[in-house]
Amino acid sequence: MTEIKLHNTKTRKKEVFTPIDAENVRMYLCGPTVYDRAHLGNARPVVVFDVLNRLLRYKYGPDNVTYVRNFTDVDDKINATAMARKEAGAAGTLEDLVRERSDETIAWYLEDMAALGTDEPDHMPRATEYIAQMVTMIEDLIAKGHAYAAEGHVLFAVESYKEYGALSGRSVDDMIAGARVEVAPYKKNPMDFVLWKPSTDELPGWDSPWGRGRPGWHIECSAMADELLGASFDIHGGGNDLQFPHHENEIAQSCCANPDAGFANFWLHNEMLQVEGKKMSKSLGNFFTVRDLLDQGIAGEVIRFVFLSTHYRKPMDWTEEKAREAKAELERWRAFAGSIEEPMGGPHAEVVSALTDDLNTHGAITVLRKLYKSGDAHVFRKSAELLGLLLPGETAEWFEGQAEPETSDLVEYAIALRTEAKLQKDFATADKMRDLLISAGVVVKDSKESTTWEPGPDFDPSKLEGLK
RNA sequence: GGCGAGUUGGCGGAGUGGUGACGCAGCGGAUUGCAAAUCCGUGUACACGAGUUCGAUUCUCGUACUCGCCUCCA
């Protein structure tokens with residue numbers, strides 16, 4: 001199979017991907033801060049890296065890939081929710097309530113991401129379970145002269161790391177010039193960032209050599225990646241908004257702690273999601289969660305298809321029209337190949353080669369369209385599955401559910417009346433029945449042998465009540 | 001101000017130094033009692049200017065515009 005090429009943010013080039021160890025390909029993706037339901041933008045990297053995960057497993061073997069995605073469960077917003085609940089009279093300590101909030105958010109997240117047809121990573125570490133490793137790494141950074149304690153904080157000294165800024169293409173001087181960084185008197189350089197900060201008595205905190213406190217945002221990923229994947233690994237990913245400062249800071253921490261290791265070889269960043277051409281934001285009123293869409297009846301698989309129809313390094317515009325088109329196409333595809341119990345063979349070589357070219361998911365979809373028209377349903381299905389589409393199980397339910405709707409009696413009755421009228425050549429009655437069905441949002445499909453139907457967007461069988 | 005990405009037909013969206021994919025919509029046809037659904041076919045585009053080249057949408061430079069990041073953010 002063709003070699004995999006990926007765009008490496010570190011070099012700004014498409015490079016041939018060669019794993020450090022082909023029997024253990026290691027990938028780390030920055031996961032969510034678990035303060036609330038995941039919004040639609042949160043889902044994009046999850047889907048993108050799910051495709052990469054599938055591709056890597058296809059090429060290197062299902063057991064030869066280790067995929068890690070963390071949960072950030074140290075956060076002010078989580079604390080705020082916990083405090084509000086405590087004030088409202090919830091039982092338990094604040095720490096219990098913090099944990100409870102994280103737990104429920106994680107459960108939602110996993111449900112929502114599963115609905116999109118994404119596989120769970122091999123490891124899903126929580127920051128709060130790696131505090132000891134973070135403290136150790138911070139101590140090491142201090143010992144090596146890359147960090148310093150000041151007023152209960154520990155700060156990373158950016159001037160101690162010459163490569164600082166390499167990933168995002170900026171120098172420390174450039175950054176200071178236009179910087180909007182917090183001015184803190186204990187910082188030696190305004191760009192120095194927090195590794196550890198003090199916690200108040202009320203808020204969650206952990207004992208450390210610098211007093212009771214909590215970790216800064218970036219150290220968790222360095223510590224967890226090191227623990228689970230080692231000092232050197234293959235791929236590190238996330239949204240491109242994380243490129244600076246989060247990933248830049250991770251590199252500084254990890255490369256200074258392990259100077260000869262190099263940290264991640266490949267950095268992959270997905271572009272941001274937009275909604276109807278605009279950035280998703282609460283103030284524009286176009287902010288919504290994955291769950292909001294699922295509750296509106298937009299299938300997870302449809303969301304996934306829309307995501308995959310745009311290359312991951314381009315801004316992806318979510319529109320209702322795209323969702324509509326995706327649904328129509330997936331319906332045809334599932335009708336064609338969705339019911340095969342055990343698809344045989346493997347994915348088509350052209351689909352594989354599209355994906356090996358820096359995850360050209362749109363190119364892969366184009367090949368699928370060709371296979372749909374002229375190809376073999378088995379190869380088509382296997383190819384779609386490599387993209388995480390047409391999978392059996394949960395992501396198939398939306399389609400299978402509409403094939404056998406519960407409220408079919410009235411519709412079946414109306415169709416029977418129409419069929420009878422057609423046999424009698426009573427087309428006035430037949431057309432009346434058809435109009436009635438259409439007005440109830442039923443899509444009527446005639447073929448030589450029989451008439452089938454499915455619910456349309458405005459399906460409302462109660463409009464057929466008059467037939468009783 | 002600094003860094004980066006982008007500008008392809010009515011819409012979405014790939015790709016390429018030399019006949020400009022694909023999907024949706026439109027149009028034509030098959031099918032139908034007529035339709036719908038389905039299937040087949042089909043037109044129009046590479047922001048602007050200059051350069052390199054036998055030849056550029058594709059490479060280089062410039063201009064305009066759009067977007068993202070630089071602050072929590074996927």
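Naming: A, B, ... by sequence-line order, numbering from 1 per chain. From a predicted model like this one, the values you see are computed outputs, not experimental measurements. All values below were derived from every heavy atom in this structure, side-chain atoms included, with hydrogens, water molecules and symmetry-related copies excluded.
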Of D73(A), D36(A), D75(A), which meets salt bridge (charged side-chain N to carboxylate O under 4.0 Å, His left out) against R101(A)?
D36(A)
Does N360(A) put a side-chain nitrogen or oxygen below 4.0 Å from OP1 or OP2 of G15(B)?
yes
What's the gap between G29(B) and C67(B) when it is taken at their P atoms, as a whole Å value?
44 Å
Quick one: is A35(B) close enough that its OP1 or OP2 comes under 4.0 Å of any side-chain N or O from K445(A)?
no
Quick one: do D446(A) and R434(A) make a salt bridge, cutoff under 4.0 Å?
no
Counting only side-chain heavy atoms from C-beta out, which of G23(B), A14(B), C34(B) sits nearest to R369(A)?
G23(B)
Look at the rings of H247(A) and W267(A) and say which category their plane angle falls in: under 30° parallel, 30 to 60° tilted, over 60° perpendicular.
tilted
Answer with yes or no whether H39(A) presents, from its side chain, a donor or acceptor under 3.5 Å of a partner atom in the base of A74(B).
yes
Is the base of A74(B) touched by the side chain of N240(A) through a donor-acceptor pair closer than 3.5 angstrom?
no
Under 4.0 Å, heavy atoms only, any strand: does D76(A) hit a base, just the sugar-phosphate, or nothing?
nothing
Salt-bridge contact E331(A)-K445(A) (side-chain N to carboxylate O under 4.0 Å):
no
Determine, for D50(A) against R69(A), whether the closest basic-nitrogen to carboxylate-oxygen distance falls under 4.0 angstrom.
no
Could you work out the separation of C65(B) and U8(B) based on their C1' atoms and round it to a whole Å?
16 Å
If a pair means Watson-Crick or G-U wobble with both distances below 3.5 Å, what does RNA chain B look like in dot-bracket form, with | marking bases paired to a different strand?
(((((((..(((.....[...))).(((((.......)))))....(((((..]....))))))))))))....
Any side-chain N or O of Y372(A) under 4.0 Å from OP1/OP2 of C39(B)?
yes
Output the single nucleotide from A74(B), C40(B), A21(B) whose closest atom is nearest the side chain of H362(A).
A21(B)
Examine A36(B): is either OP1 or OP2 under 4.0 Å from a nitrogen or oxygen in the side chain of R434(A)? Give yes or no.
no
Separation between the C1' atoms of C69(B) and A36(B), rounded to whole Å:
49 Å
Under 4.0 Å, counting only non-hydrogen atoms across every strand here, what does Q274(A) touch: a base, just sugar-phosphate, or nothing?
sugar-phosphate
Sugar-phosphate only, base, or nothing, as touched by I438(A) at under 4.0 Å among non-hydrogen atoms
nothing
Test: D103(A) and R126(A) ion pair at under 4.0 Å
yes
Of N360(A), D358(A), N240(A), T361(A), which is the lone residue that meets side chain to side chain donor-acceptor pair (under 3.5 Å) with Y312(A)?
D358(A)
Donor-acceptor contacts under 3.5 Å from residues 378-390 of chain A side chains, at least two apart:
{"from": "H378(A)", "atom 1": "ND1", "to": "M344(A)", "atom 2": "N", "distance (Å)": "2.9"}
{"from": "R381(A)", "atom 1": "NE", "to": "E385(A)", "atom 2": "OE2", "distance (Å)": "2.7"}
{"from": "R381(A)", "atom 1": "NE", "to": "L390(A)", "atom 2": "O", "distance (Å)": "3.0"}
{"from": "R381(A)", "atom 1": "NH1", "to": "A337(A)", "atom 2": "O", "distance (Å)": "2.9"}
{"from": "R381(A)", "atom 1": "NH1", "to": "G338(A)", "atom 2": "O", "distance (Å)": "3.4"}
{"from": "R381(A)", "atom 1": "NH1", "to": "I340(A)", "atom 2": "O", "distance (Å)": "3.0"}
{"from": "R381(A)", "atom 1": "NH2", "to": "E385(A)", "atom 2": "OE2", "distance (Å)": "3.3"}
{"from": "S383(A)", "atom 1": "OG", "to": "H348(A)", "atom 2": "N", "distance (Å)": "2.8"}
{"from": "S383(A)", "atom 1": "OG", "to": "V379(A)", "atom 2": "O", "distance (Å)": "2.7"}

Which nucleotide sits closest to the side chain of F244(A): C70(B), A14(B), A36(B)?
C70(B)
G6(B) and G13(B), which share atom name P, separated by this distance in whole Å
14 Å
Presence of R418(A) side-chain N/O under 4.0 Å of A35(B) phosphate oxygens OP1/OP2:
no
Looking at K373(A), does any N or O in its side chain come under 4.0 Å of the phosphate oxygens OP1/OP2 on G23(B)?
yes
Any chance the rings of Y67(A) and Y28(A) have centres within less than 6.0 Å?
no
NZ/NE/NH1/NH2 to OD/OE distance under 4.0 Å, R54(A) and D119(A)
yes
In whole angstrom, give me the gap between the C1' atoms of U52(B) and G20(B).
23 Å
Inter-nucleotide P distance (U31(B), C40(B)), Å rounded:
15 Å
Which whole number of Å gives the distance between the C1' atom of U7(B) and that of U58(B)?
14 Å
Does any residue of residues 66-75 of chain A have a heavy atom under 4.0 Å from RNA chain B, and if so, which ones, in number order?
none
With sugar-phosphate meaning primed atoms plus P, OP1 and OP2, does T452(A) contact a base, only sugar-phosphate, or nothing at under 4.0 Å between heavy atoms?
nothing
Determine, step by step, whether K188(A) and E159(A) satisfy the side chain to side chain contact (heavy atoms under 4.5 Å, CB included) criterion, reporting the C-alpha distance in whole Å, the side-chain angles of both residues, the deciding distance to 0.1 Å, and the verdict.
CA-CA 9 Å; K188(A) 289 183 182 169; E159(A) 285 172 40; over 6 Å; no
What does G238(A) touch in the nucleic acid at a heavy-atom separation under 4.0 angstrom: a base, only the sugar-phosphate, or nothing?
sugar-phosphate
Using the P atoms only, state how far C34(B) lies from G15(B), rounded to an integer number of Å.
45 Å
Among G6(B), C24(B), A74(B), the nucleotide that comes nearest once only the side chain of L273(A) is considered
A74(B)
